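Okay, structure first, notes after.
Within every chain, numbering begins at 1; the chains are lettered A, B, ... in the order of the sequence lines, protein sequences first and strands thereafter. These numbers come from a predicted model, not from an experiment.
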Number of protein chains: 2
Amino acid sequence: MSKSQNRKAIIGKPYLEEGIFMSAVALGDQALSESNKLLSIWGMTALQYNALKVLYVEDSQGEGLPSMEIGQRLYTRVPDVTRLLERMVDKGWITRERDVENKRVVRSKLTDIGIQLVESAYLPLKESESKQLAHLTDAEKTELARLLNKAKSSPSNPADNKDS
Amino acid sequence: MSKSQNRKAIIGKPYLEEGIFMSAVALGDQALSESNKLLSIWGMTALQYNALKVLYVEDSQGEGLPSMEIGQRLYTRVPDVTRLLERMVDKGWITRERDVENKRVVRSKLTDIGIQLVESAYLPLKESESKQLAHLTDAEKTELARLLNKAKSSPSNPADNKDS
DNA sequence: GACATATACTTGTTATAACAACTGTTGTTT
DNA sequence: AAACAACAGTTGTTATAACAAGTATATGTC
């Protein structure tokens, strides 16, 4: 029993921020897991669905969206956006082509199949998400959304002022 | 312009739950990214650090903790816990051995190096985490922690009643 | 208008996560 | 006590994420 293990001196009680980040990660994982389970019916992952939804909502003109913008909305790094979108091209959900005005840009847009797909999944997923938070009151959900949003746009990360 | 793309009919305005989950994932990613950056000084990832901290706090007797318990605390699946802990054995931060009473379980415990490591990183990481949420008031942080905790322990996932 | 710099994306490599299947041990039922 | 189920970990495979480096185009400057 003469272990040199004399600890508990430095690391104290759990602190607030620690719990917030742990819970945020856990809640996010839980939500992703549920969504992935449901979306697998259509052969989609949550990230793919979200990408489709971004294109659906942000590119309502059908002009195509640059990879960078998609990445910003999805909080996904650009290299991974490229491959994400490539996989979605293979599945026939989107098309991609270079912008004629700025040949550096590649614009992605939904195919009709992609549109149908995201429209099919929308309501079931919305209901699933609602169910996951059904034990919160509306006021709590509103407040949680506000606090999360405030929390994530930290001063050290000022490029967070989304439009409007 | 005769695209068949007549959308916007089905997918409406962003709804509350959607924003909550997106923000939770984003906040979690952001926190993990910051932590990983800082912890790389000691050659640790955030997950490894958290595993060390779990052992430090939950195994204060130094008897070793079963993989399953570690996995529960870290919200990590058991197969990944095995490999996570193996890597940490390779680094000399923990040791693992089979329980003599129940030969199915493998108990992991900190080495002195592991103890020093987690103690070294503790305060810097705590400060980094505090800084990330410094623009929230104490009341907001308390409320955010409460709401996140309530949100993640959903009825569909009742095995969430941590001890005390 | 050549040259450096910035931009938008792609490619390569390595690490980690997800999911299923498997091994060995313990508990239960009869 | 033999058979079966439950349990705790491990192993295998595939998909995805992280990080660094590379390519092609555009922009600014002298």
Consider only side-chain heavy atoms of I, L, V, M, F, W and Y, link residues closer than 4.5 Å, and tell whether Leu38(A) and Met44(A) are in one cluster.
yes
Worked check of side-chain hydrogen bond (donor to acceptor under 3.5 Å, both in side chains) between Tyr75(B) and Gln30(A)
CA-CA 9 Å; Tyr75(B) 307 104; Gln30(A) 170 190 308; over 6 Å; no
Go through it in stages, so that I can follow the logic: the residues are Leu16(A) and Leu144(B), the test is side-chain contact (heavy atoms from CB on, under 4.5 Å), and I'd like the CA-CA distance, side-chain angles, deciding distance and then a yes or no.
CA-CA 9 Å; Leu16(A) 212 45; Leu144(B) 178 54; over 6 Å; no
Under 4.0 Å between any heavy atoms, over every strand shown, what does Glu86(B) touch: base, sugar-phosphate, or nothing? Just pick one.
sugar-phosphate
For a quick check, with a 4.0 angstrom heavy-atom cut-off, what is the B/S/- contact string for nucleotides 16-26 of chain D, read 5' to 3'?
SSBBB----BS
Do NZ/NE/NH1/NH2 and the carboxylate oxygens of Asp138(A) and Lys141(A) come within less than 4.0 Å?
yes
Using distance only, find each side-chain donor-acceptor pair of residues 122-130 of chain A under 3.5 Å and give its atom names and separation, not counting sequence neighbours.
unit_1, atom_1, unit_2, atom_2, d
Glu129(A), OE1, Tyr15(B), OH, 2.4
Ser130(A), OG, Lys126(A), O, 3.0

Sequence neighbours left out, what passes salt bridge (Lys or Arg N to Asp or Glu O under 4.0 Å) with Asp80(A)? Give chain and number order.
none
If I take atom CD in residue Glu97(B) and atom P in nucleotide dA8(D), what distance separates them, rounded to the nearest angstrom?
19 Å
Under 4.0 Å, counting only non-hydrogen atoms across every strand here, what does Arg107(B) touch: a base, just sugar-phosphate, or nothing?
nothing
Spacing of Leu32(A) atom CG relative to dC19(C) atom P, expressed in whole Å
11 Å
Does a nitrogen or oxygen in the side chain of Thr82(A) sit under 4.0 Å from OP1 or OP2 of dC9(C)?
no
Once you apply a heavy-atom cut-off of 4.0 Å, does Val78(B) come out as touching a base, just sugar-phosphate, or nothing?
base
Whole-Å gap separating C1' (dA8(D)) and CG (Asp99(B))
11 Å
